[in-house]
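See below for the structure under consideration.
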Amino acid sequence: MTQAPVNVTVTGAAGQIGYALLFRIASGQLLGQDVPVKLRLLEIPQAVKAAEGTAMELDDGAFPLLAGIDIFDDPKQAFEGTNIALLVGARPRSKGMERGDLLEANGGIFKPQGEAINAGAASDIKVLVVGNPANTNALIAQSHAPDVPADRFTAMTRLDHNRALAQLSKKLGVSVTEIKKLAIWGNHSATQYPSVQHAEVAGQSVDVDQAWLESDFIPTVAKRGAAIIEARGLSSAASAASAAIDHVYTWVNGTADGDWTSAAVVSDGSYGVPEGIISSFPVTAAGGEYKIVQGLEIDEFSRARIDASVAELVEERDTVQKLGLI
Ligand code: NAD
Ligand code: LMR
């Protein structure tokens with residue numbers, strides 16, 4: 001091994017996303033094939049035994065890059081010295097439940113986790129929140145970590161981005177790798193706006209009719225999470241784990257020239273998105289930092305969709321503010 005192991009904390013380690021995620025981290029897909037990792041798993045006390053079972057299986061994988069596994073039920077210990085934190089543990093939405101209903105239930109989890117990150121994480125900490133409502137959970141954690149640069153807190157919309165790539169590739173009959181500059185704007189919820197306004201295939205803008213966009217593409221991508229729950233009886237897990245891997249890998253290793261991806265990051269006021277909320281934007285990554293793509297022209301249709309999703313995020317922020325969670 002060429003370098004010291006990177007500490008990766010995963011919360012909700014015994015859950016279904018955890019089960020799909022941990023083996024991919026251990027196999028080197030999160031950070032790269034030359035980067036050893038130490039896993040720090042956080043669970044609630046009742047699920048520690050199940051996490052121990054997963055750790056036994058991780059041992060049994062004999063992963064060359066896996067330098068150790070520790071299991072905790074205390075956030076302070078789990079985030080001590082950690083470099084990458086994947087905040088997955090939360091209560092998943094079940095059939096018929098709206099994401100907004102989860103705000104109060106999950107808000108309480110992310111405050112102590114933000115405090116623990118502030119108290120003990122490594123100075124290069126990068127945080128990805130997956131647990132829903134992801135954007136606002138990230139805001140809660142970030143607001144309790146005043147000593148950590150705010151831009152280290154992100155929430156996951158890479159799954160939505162990947163869903164949009166998959167739908168558009170089917171429609172156009174091209175590979176997902178040929179599509180550039182798709183973007184997810186706003187909240188990881190049914191109000192999100194998957195935009196093809198700047199999308200390109202082979203350097204040419206994408207030509208799809210507006211009716212397909214409005215009645216098929218946008219609702220399919222935006223409501224995909226609910227469709228998976230309806231079909232599986234459980235929320236998406238392997239695809240969510242895969243997107244979490246993509247999000248961190250890109251954050252650390254960068255985006256390709258001439259392309260971007262999507263991530264929910266702290267708004268600096270770009271595109272009229274109120275400063276401080278954690279909203280999805282088209283982003284590039286370089287030098288271990290995500291940056292919002294600047295200077296894009298936003299057409300009228302896109303403007304209205306972005307504003308609607310951002311309005312939902314502002315409402316969520318106001319709700320958690322009233323609950324004293326930020
Ligand atoms: P799950 O119920 O299978 O697992 C959640 C795990 O979190 C459980 O093991 C539970 O014990 C644990 N947990 C609960 N509170 C905790 C705490 N305070 N600290 C540590 N662990 C805790 O759920 P899942 O299917 O793995 O989904 C996890 C979350 O990810 C859900 O909120 C789900 O809605 C969300 N999700 C987000 C996306 C996205 O794109 N952002 C996609 C899919 C799912
Ligand atoms: C998803 O997009 O698959 C999940 O966020 C759905 C959910 O509400 O758990």
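Just so you know, these numbers come straight off a predicted model, no measurement behind them. Indexing begins at 1, ligand by ligand and atom by atom, following the structure's order.
- With a 4.0 Å cut-off on non-hydrogen atoms, Gln16 touches ligand 1 through its backbone as well as its side chain.
- A salt bridge does not link Lys322 with Asp318: every distance from a Lys NZ or Arg NE/NH1/NH2 to an Asp or Glu carboxylate oxygen is 4.0 Å or more.
- Within ligand 2, counting atoms from 1 as listed, the ones closer than 4.0 Å to a heavy atom of Gly225 are 1 (C), 2 (O), 3 (O), 6 (C).
- Heavy atoms of Arg163 come nearer than 4.0 angstrom to ligand 2 in at least one pair.
- With a heavy-atom cut-off of 4.0 Å, Gln46 does not touch ligand 1 at all.
- A side-chain donor-acceptor contact under 3.5 Å links Gln16 and Arg232.
- No part of Asp160 comes within 4.0 Å of ligand 2, judged by heavy-atom distances.
- Judged by the shortest distance from any of its heavy atoms, Asn132 lies inside the 4.0 Å radius around the atoms of ligand 2.
- Residues Ile326 and Ile117 share a single hydrophobic cluster, defined by chaining ILVMFWY side chains whose heavy atoms lie under 4.5 Å apart.
- Within the 4.0 Å heavy-atom criterion, both parts of Asn132, backbone and side chain, lie near ligand 1.
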Residues Phe153, His144; criterion ring-ring contact (aromatic ring centres under 6.0 Å, His included); working and verdict: CA-CA 11 Å; Phe153 284 82; His144 292 282; over 10 Å; no

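- Here Ser236 has heavy atoms under 4.0 Å from ligand 1 in both its backbone and its side chain.
- Judged by the shortest distance from any of its heavy atoms, His188 lies inside the 4.0 Å radius around the atoms of ligand 2.
- An N or O contact shorter than 3.5 Å is missing between Ala134 and ligand 1 by distance.
- Relative ring orientation between Phe281 and Tyr271 is described as tilted, the plane-to-plane angle lying within the 30° to 60° band.
- Note that NZ of Lys181 is 8.5 Å distant from CG of Leu296, once rounded to the nearest 0.5 Å.
- Between Asp160 and ligand 1, no pair of N/O atoms sits closer than 3.5 Å.
- Not a single N or O atom of Leu159, backbone or side chain, sits closer than 3.5 Å to an N or O atom of ligand 1.
- A distance of 9.5 Å separates CD1 of Ile25 from CD1 of Ile84, quoted to the nearest 0.5 Å.
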